[in-house]
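Positions are given from 1 along the sequence. Counting starts at 1 for both ligands and their atoms, following the listed order. Values below: every heavy atom of this structure, side chains too, minus hydrogens, waters and symmetry copies.
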Amino acid sequence: MTKVLILGAGGKIAQIAEELYLDQTDFDLRLYLRHPNKLSIEESDRVEIVEGDASDKNSLSNALNGVDIVYANLAGDNIEEQAKSVVESMNNSGVKRLIWISTLGIYDEVPGEFGKWNNNILGSYITKYAAAAKVIEESDLEYTIIRPAWLTNNDEVNFEVTHRDDTFKGTEVSRKSIAQVVVDTTKKPSDYVRDSIGVNKPNTDGDKPSWY
Ligand SMILES: NC(=O)c1ccc[n+]([C@@H]2O[C@H](COP(=O)([O-])OP(=O)(O)OC[C@H]3O[C@@H](n4cnc5c(N)ncnc54)[C@H](OP(=O)(O)O)[C@@H]3O)[C@@H](O)[C@H]2O)c1
């Protein structure tokens with residue numbers, strides 16, 4: 001049985017993905033997070049909860065025991081340190097497959113006025129996420145980096161995908177769409193291997209996300 005380790009499991013996309021995993025697959029989930037009280041999902045025969053920090057390599061190495069695939073839904077100023085910790089722990093544990101949530105703009109791939117606006121508003125956040133993605137891309141892991149457009153909480157799954165060297169498309173995408181991409185990629189782990197995919201809602205091109 002496939003066992004998925006979810007890092008940052010209390011995050012907003014992660015919690016949607018957890019529901020989708022339980023509904024759409026028979027995979028077992030190990031939820032790894034700093035604040036288990038943030039979870040609405042409860043422990044069960046398919047769900048195990050482990051309290052831990054992604055930058056803590058010892059704790060992470062223990063959590064990787066018996067795991068087939070890691071889905072990292074992390075954030076924060078130390079995201080590069082977390083990426084290093086994940087890569088090193090996965091290398092030591094022999095777990096190869098990683099799905100890593102990043103952000104749009106890390107390769108300066110967002111075109112036009114929206115690209116300029118995105119760079120201005122996100123500033124050093126992009127630099128930090130780019131450094132973390134570089135750590136993943138320089139590893140030997142079978143990674144998929146996901147670069148979502150600006151996130152909405154819309155209850156919809158509607159997305160298109162661009163690849164590592166493509167120009168980014170659109171301005172927005174729902175968290176539910178990203179969660180679905182994560183679950184689909186876990187179900188078919190030969191997809192998007194060593195790729196970095198942009199994910200956006202079709203026909204949302206513009207100078208800013210629609211709510212700005
Ligand atoms: N907002 C946007 O429009 C947008 C667009 C593109 C990409 N993104 C990025 O997409 C990612 C996922 O989005 P989201 O909405 O699911 O974000 P989120 O709800 O903020 O989830 C990120 C999770 O990371 C956890 N985390 C941070 N540092 C950690 C550590 N050292 N160890 C373990 N867990 C840690 C946080 O948990 P704690 O409760 O412990 O803090 C949080 O639950 C984020 O990185 C976000 O920046 C956002």
Open item on the list: What I want to check is whether the side chains of Tyr71 and Thr186 have a donor and an acceptor closer together than 3.5 Å.
Closed with: no
Open item on the list: Taking Ala75's backbone N and O only, do any of them form a donor-acceptor pair with Gln82's side chain (distance below 3.5 Å, no angle check)?
Closed with: yes
Open item on the list: Side chains of Thr171 and Tyr212 only: does a donor on one sit below 3.5 Å from an acceptor on the other?
Closed with: no
Open item on the list: Would the distance check show the side chain of Lys96 and the main-chain N or O of Asp140 forming a donor-acceptor pair, the cut-off being under 3.5 Å?
Closed with: yes
- [ ] Over all heavy atoms of both residues, which pair between Ala14 and Gly8 is shortest? Give the atoms and the distance, please.
- [x] CB-O, 3.6 Å
Task: Every residue of the protein that comes under 4.0 Å of ligand 1, judged on heavy atoms - done: Gly8, Gly10, Gly11, Lys12, Ile13, Arg34, His35, Lys38, Asp53, Ala54, Asn73, Leu74, Ala75, Gln82, Ile101, Ser102, Thr103, Tyr125, Tyr129, Pro148, Ala149, Trp150, Leu151, Arg175
Task: Glu138 and Lys134 ion-paired at < 4.0 Å - done: yes
